[in-house]
Amino acid sequence: MILLTGGAGYIGLHTAAVLIAAGHDVVLFDNFSNSKPLGVQRLEAIVGRPVPCVQGDVRSRQDMDGLFDQHTISAVIHFAGLKAVGESATQPLHYYDNNVAGTLVLLEAMMRAEVRRIVFSSSACVYGEPDSSPIPETAALRPANTYGRTKLMIEDILRDLHGAAPDWSIALLRYFNPVGAHPGGLIGEDPNGIPNNLMPFVTQVAVGRLAELQVFGGDYPTPDGSGVRDYIHVMDLAEGHQASLDWALRDPQQVLTVNLGTGCGYSVLDLVRAFEQASGQAIPYRIVARRAGDVPAYWGDASLARQRLGWTARRTLEDMCRDAWNWQRKNPQGFA
Ligand code: NAD
Ligand code: UFG
């Protein structure tokens, strides 16, 4: 059985759908601090069978030991964490506690249960402002915010753990910008409050929940002046987890650090135009000042994941926009 911490969240649900379709048994573990039980019910509707889900907190030794006692776990995919960059600046202790301390409690429980395979949700923000794009995994690591520092600390903890316990198999996955939804429209991204991220903001404008998009910066040194990112379809990302899990289950007893991105950069205005085309909805927007802390442009070098995992992102920007819109159109208030 595969344990997905944070499995009721956006990427966790999509990964669970892909893993179950591929024949894996999974157990989800989540404290529902940023997700809802309805998401798990929707996952069950997609896969056509019950999916075990345990409510608990990765920071609780009791919860974690109970979980490993009750289930025979062969590997862990560790999604549980807080991810809002702005909030991480105002609540740093909460972020270090939840992300870093929570990971330590999980790893200690894995040690006790003799489970030695883990796939970890890192982030492209461990790179901070890169010297150039595409960014290879060997690029300098200089995260520019607290959230990114929690991810780098966890990577360091896992590298040190492997130094002391070389029989562990550890995949560190640096995601670029996940967007889109399962094609059936039953699950998707459902942020609390006003979205911080571009795609959910765009879909909420399209569905009439928000009046207009603010494009943060029109004077970047990019082809159209707006910021450029490597958007990746969440179903491609989920398949990247499947490939990483399969790698870990082969027991390579190594640390593998890979980017999960497409290798392509698109601007904010490229995404708005693609969304308008895919949805038939006009997205009113206004170009405003740059957002503090934003990097002008970056995208990942996706070649190592292809070489090591045989995985490559297949879905286009149009697919991402179509599926994000399909989800939002069918669920204008998300999982509410
Ligand atoms: P999400 O918030 O939808 O999912 C995370 C889940 O973890 C939520 O369901 C939340 O309730 C749960 N959780 C948080 N703290 C917990 C705790 N202490 N104990 C138990 N459960 C807890 O986020 P997501 O987009 O699915 O992201 C999953 C992971 O990927 C996170 O670690 C995130 O930092 C990382 N990541 C996300 C992105 C992105 O843009 N979405 C990019 C890079 C990395
Ligand atoms: N943007 C807007 N208007 C908005 C929201 C975003 O113009 O309302 C722009 C941003 O300025 C940026 C682009 O859209 O140019 C993407 O911004 P997001 O907030 O969607 O994503 P970020 O690239 O800032 O960061 C995201 C996640 C991080 C993760 C990182 C990995 O929020 O958690 O991708 O690359 F680490």
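Start at 1 and go down the list; that is how both ligands and their atoms are numbered. This chain uses plain numbering: 1 for the first residue, then up along the sequence.
Residue Tyr298 touches ligand 2 through its side chain alone, judged by heavy-atom distances below 4.0 Å. Of the heavy atoms in Tyr220, none comes closer than 4.0 Å to ligand 2. Of the heavy atoms in Leu213, only side-chain atoms (C-beta onward) come closer than 4.0 Å to ligand 2. Residue-level proximity to ligand 2 for Phe176 is carried by the backbone, the only part with a heavy atom below 4.0 angstrom. Within the 4.0 Å heavy-atom criterion, the part of Gln214 lying near ligand 2 is the backbone and not the side chain. For Val268, every heavy-atom contact with ligand 2 shorter than 4.0 Å involves the side chain, none the backbone.
Shown here are the side-chain contact (heavy atoms from CB on, under 4.5 Å) partners of Arg291, two or more places apart in sequence or in another chain: Phe216, Asp294. Every residue two or more places apart in sequence or in another chain was checked for a side-chain contact (heavy atoms from CB on, under 4.5 Å) with Pro223, and none qualifies.
The residues Arg308 and Glu137 are annotated as not salt-bridged, no charged nitrogen and carboxylate oxygen being separated by less than 4.0 angstrom. Residues Glu155 and Arg159 are paired through a salt bridge, judged by an N-O separation under 4.0 Å between the basic side chain and the carboxylate.
The salt bridge (charged side-chain N to carboxylate O under 4.0 Å, His left out) analysis of residues 242-252, with sequence neighbours excluded, yields the pairs Arg117-Asp251.
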Please tabulate protein-ligand N/O pairs under 3.5 Å for ligand 1, atom names and distances to 0.1 Å.
| residue | atom | partner | partner atom | Å |
| --- | --- | --- | --- | --- |
| ligand 1 | 2 (O) | Asn34 | ND2 | 2.7 |
| ligand 1 | 3 (O) | Tyr10 | N | 2.9 |
| ligand 1 | 9 (O) | Gly9 | N | 3.3 |
| ligand 1 | 9 (O) | Asp30 | OD1 | 3.2 |
| ligand 1 | 9 (O) | Asp30 | OD2 | 2.7 |
| ligand 1 | 9 (O) | Ser35 | OG | 2.7 |
| ligand 1 | 11 (O) | Asp30 | OD1 | 2.7 |
| ligand 1 | 11 (O) | Asn31 | OD1 | 3.4 |
| ligand 1 | 11 (O) | Ser33 | N | 3.1 |
| ligand 1 | 11 (O) | Ser33 | OG | 3.4 |
| ligand 1 | 11 (O) | Asn34 | N | 2.9 |
| ligand 1 | 11 (O) | Ser35 | OG | 3.4 |
| ligand 1 | 13 (N) | Asn31 | OD1 | 3.4 |
| ligand 1 | 15 (N) | Asn98 | ND2 | 3.0 |
| ligand 1 | 18 (N) | Asp57 | OD1 | 3.0 |
| ligand 1 | 18 (N) | Asn98 | OD1 | 3.1 |
| ligand 1 | 19 (N) | Val58 | N | 3.1 |
| ligand 1 | 21 (N) | Asn31 | N | 3.2 |
| ligand 1 | 21 (N) | Asn31 | OD1 | 3.2 |
| ligand 1 | 23 (O) | Lys83 | NZ | 3.4 |
| ligand 1 | 25 (O) | Lys83 | NZ | 2.7 |
| ligand 1 | 26 (O) | Tyr10 | N | 3.3 |
| ligand 1 | 26 (O) | Ile11 | N | 2.8 |
| ligand 1 | 32 (O) | Phe79 | O | 2.8 |
| ligand 1 | 32 (O) | Lys151 | NZ | 2.9 |
| ligand 1 | 34 (O) | Tyr147 | OH | 2.7 |
| ligand 1 | 34 (O) | Lys151 | NZ | 3.1 |

